[in-house]
Every structure is written in structure tokens, then in C-alpha cells.
Protein chains: 2
Amino acid sequence: MTEGWERRLREHGFRITPQRQLVLEAVESLRHGTPEEILVEVQLTASGVNLSTIYRTLEVLEEVGLVTHAHIGHGPPTYHAVDEDIHIHLVCDRCGTVQSVPATVATEFVAQLEGGYGFRTDIAHVSVHGMCASCKDRDFESEADDPL
Amino acid sequence: MTEGWERRLREHGFRITPQRQLVLEAVESLRHGTPEEILVEVQLTASGVNLSTIYRTLEVLEEVGLVTHAHIGHGPPTYHAVDEDIHIHLVCDRCGTVQSVPATVATEFVAQLEGGYGFRTDIAHVSVHGMCASCKDRDFESEADDPL
DNA sequence: TGGTTGCTGCGAATCATTCGCAGCAACGGG
DNA sequence: CCCGTTGCTGCGAATGATTCGCAGCAACCA
């Protein structure tokens, strides 16, 4: 695994527990996971683990920099391991599909926000909403935003 | 006001009601508002209006294109009138402030997503998370992302 | 090995949002 | 201008997600 996860926790004054290891492993193997999904994954190994613990553990793991979360639409947040490739979620508001694209497409955008506003963007935290290619194609007859 | 709001509703088969007018006016005057905040604003004029109605009305107003919503962090969504300048929210995860910047800074980013992935971005729906300029300045001694 | 105290499981509390239902009211027809 | 149809609203309960409080267990330092 991340191999340094134990030290990460210790350095921040947290204890090493099986629950924390399991949650981290679950996040890594799921690649994308809501707290609920992570719970299910964790319970494959340790059925006694509680949802509250998942929430508290994710908070801790995020604080020490082992996982991050992103908001995809209205639902619960999605957690990722930090050692994954950084990517951006494209959420189709029409059909609900989520597509991941490399964060590099936003390099210039991020640079502009930093340069123009001094804002340091955590680009992976963002979900970009809109309409995916297939919905866009399937849609060119209706919905013309009826001009007044 | 938007002046065409009545027709907008009618064209989509909805009725014109005082509640819908009040909610729309509240969104316009607040510029940014959660359902809860909109309720409070509406109740300044009509105290009998219910939160459920706010939710239902916002849904309707959004469907006919009079308002939009954006997700700012974990909390409830924020609603805007569509005739406002389109802007992007920069949310500081450190101090919680939300800064609005013109959507034009994302023009190129949006173009790349459309060109490279066929994805039509609703840029105003996005909230960009990160750290604002002042928090960034105030922060250069601690938190160095301690490398392994 | 033992004590200190952080972590966990559990159930209740909270917050946001949605539903079901009965009564009221918008609006098209006469 | 009045009436009936049916959408809209207020209200309270239901739901879903997340957080809290607390007592017992276990990680970790001496």
C-alpha cells in the first residue's frame, strides 16, 4: 500500500488501528467510493465496523493527507486515495454518468486562478457539471433554451 | 424583474402563484441563497410560506430556466437568478470564504473539455475548492505536505 | 506489564430534503 | 363573471446522510 500511511498517522498524533488500515485499503481498491460504499467494502473483511467509524476515519485520513474527497452532484461525497492519478470528474446532469479526465486539462485554468486571484486550486475536489457528448448529440432537437 | 418570468412558467405548463414570484424575487435580491435563506427572505413578505414550497418552487424555477444552483462545499446548494452575471465560486477550504470570479477565466478550460471530450460544461454549476490568497500567505510555515 | 486516553460501536440526535394528503386557488370555458 | 378541474400549497411525517454522546476496549509510552 501507501507504505507510509502508518507514519503519516503517527506524525499527526493519531493511532494506528485496523479500522483505519481497512478504510484506507477500501478507498484504494474502490478508487471511487462514498462512505456507504466504503463501509460495504470494509465489512467484507471486518463486518463489525460501524458507519460512524467510516466517517470519522475518512476525516482523519483526509486530515493527514492520505485520501481526498470530491463532490459529485447532489449525493454524498466520493473519496479517493491521494496516490492515484489526479483527475477531474465530468458529471453529466442529463444521464448521470461520471467521466474522469486527467487534471492536466485544467493546468491553464488553475494557473489563471492563481495568477489573477491568488487562489490555489485543489482541482481534484471539483466536479464539473454539464452534458456529456452522447446526451448532447441525442438532444439537438428539443430544448432550444426558448428565447423570449 | 425578469419580466418574462410569467410566460416562462406558463410556457412550461406551470401556474403563476405568489409563492413563485416571491421565491424568484428572493433569489434575485439575495444573489446567493440556500433554500433556508430563501425561505427567510420570502417570509419577510409572506410568513406563511413553507420550506417544502421553497424546495418545490426552486425546482420548478430551475426547470423553466429562471434560476440555477451551484454546490458550494458540503452544505446545501446555492441558488442564483439566471439573469445574473455568470460567475464561478472559489471556495476556500481553510477559512470558508467564497469568492466569485467571472466565468470568462474558464473559457479556455471549457473549450478544452468540449473539444477534447465533447463535454458541454455548465461552468457556473462548479465550485472550485482550494485555498484563498490570504490563507495561503498565512500558511507558509506549517503544512509543507511533509514529503516521505 | 499497566495506565492513560484516543478509538470504536451503538443508538439517538440533527440537518437537509422529500412525500403524502387534504384544502385552496389559478385559469380556461361557458 | 362564475364554476369546475386540477395544479399548488401548507403541514407533518418519512427518509437519507451525517454527527454526537457515551461507555468500553485497545494502542502506545514508560
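Within every chain, numbering begins at 1; the chains are lettered A, B, ... in the order of the sequence lines, protein sequences first and strands thereafter.
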(request) Step through the shown structure and confirm whether more than 12 heavy atoms of other residues, nucleotides or ligands are within 6.0 Å of CD on B:Glu62. (result)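 Yes.
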For [N], take OP1 and OP2 only and decide whether either is under 4.0 Å from a side-chain N or O of [X].
X	N	result
A:Arg10	D:dA27	no
B:Gln19	D:dG10	yes
A:Arg15	C:dT5	no

(message) Regarding B:Gly13, tell me which of base, sugar-phosphate or nothing describes its non-hydrogen contacts under 4.0 Å with the strands shown.
(response)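 If one applies the 4.0 Å heavy-atom cut-off, B:Gly13 turns out to touch nothing in the nucleic acid.
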(request) Check every atom of C:dA16, C:dC7, D:dG10 against the side chain of B:Glu36 and return the nucleotide holding the closest atom. (result) C:dA16
(message) Let me confirm one number: the CD1-OH distance from A:Ile38 to A:Tyr79, rounded to the nearest 0.5 Å.
(response) 7.5 Å
Rounded to the Å, how far apart are [X] [atom1] and [N] [atom2]?
X	N	atom1	atom2	result
B:Arg7	C:dA26	CZ	P	22 Å
A:Ile54	C:dC7	CD1	C1'	13 Å
B:Tyr79	C:dA16	OH	P	14 Å
A:His69	D:dA17	NE2	P	16 Å
A:Glu59	C:dC7	CD	P	11 Å
A:Arg20	D:dA26	CZ	P	15 Å
A:Leu51	C:dA12	CG	P	16 Å
B:Ile16	D:dT9	CD1	C1'	15 Å

(request) Measure from the side-chain N and O atoms of A:Arg8 to the backbone N and O of A:Val64, and report whether any donor-acceptor pair falls under 3.5 Å. (result)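 Confirmed, A:Arg8 side chain pairs with A:Val64 backbone.
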(request) Could you tell me whether the side chain of B:Arg20 and the main chain of B:Val60 form a donor-acceptor pair under 3.5 Å? (result)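 A pair under 3.5 Å: no.
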(request) Identify, between B:Pro76 and A:Val49, the residue whose nearest nucleotide on DNA chain C lies closer to the 5' end. (result)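 With B:Pro76 and A:Val49 compared, the 5'-side residue is A:Val49.
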(request) Map A:Arg56 and B:Ser52 onto DNA chain D by nearest heavy atom, then report which one ends up closer to the 5' terminus. (result) B:Ser52
(message) Tell me which one of B:His71, B:His80, B:His129, B:Gln99 satisfies side-chain hydrogen bond (donor to acceptor under 3.5 Å, both in side chains) with B:His89.
(response) B:His80
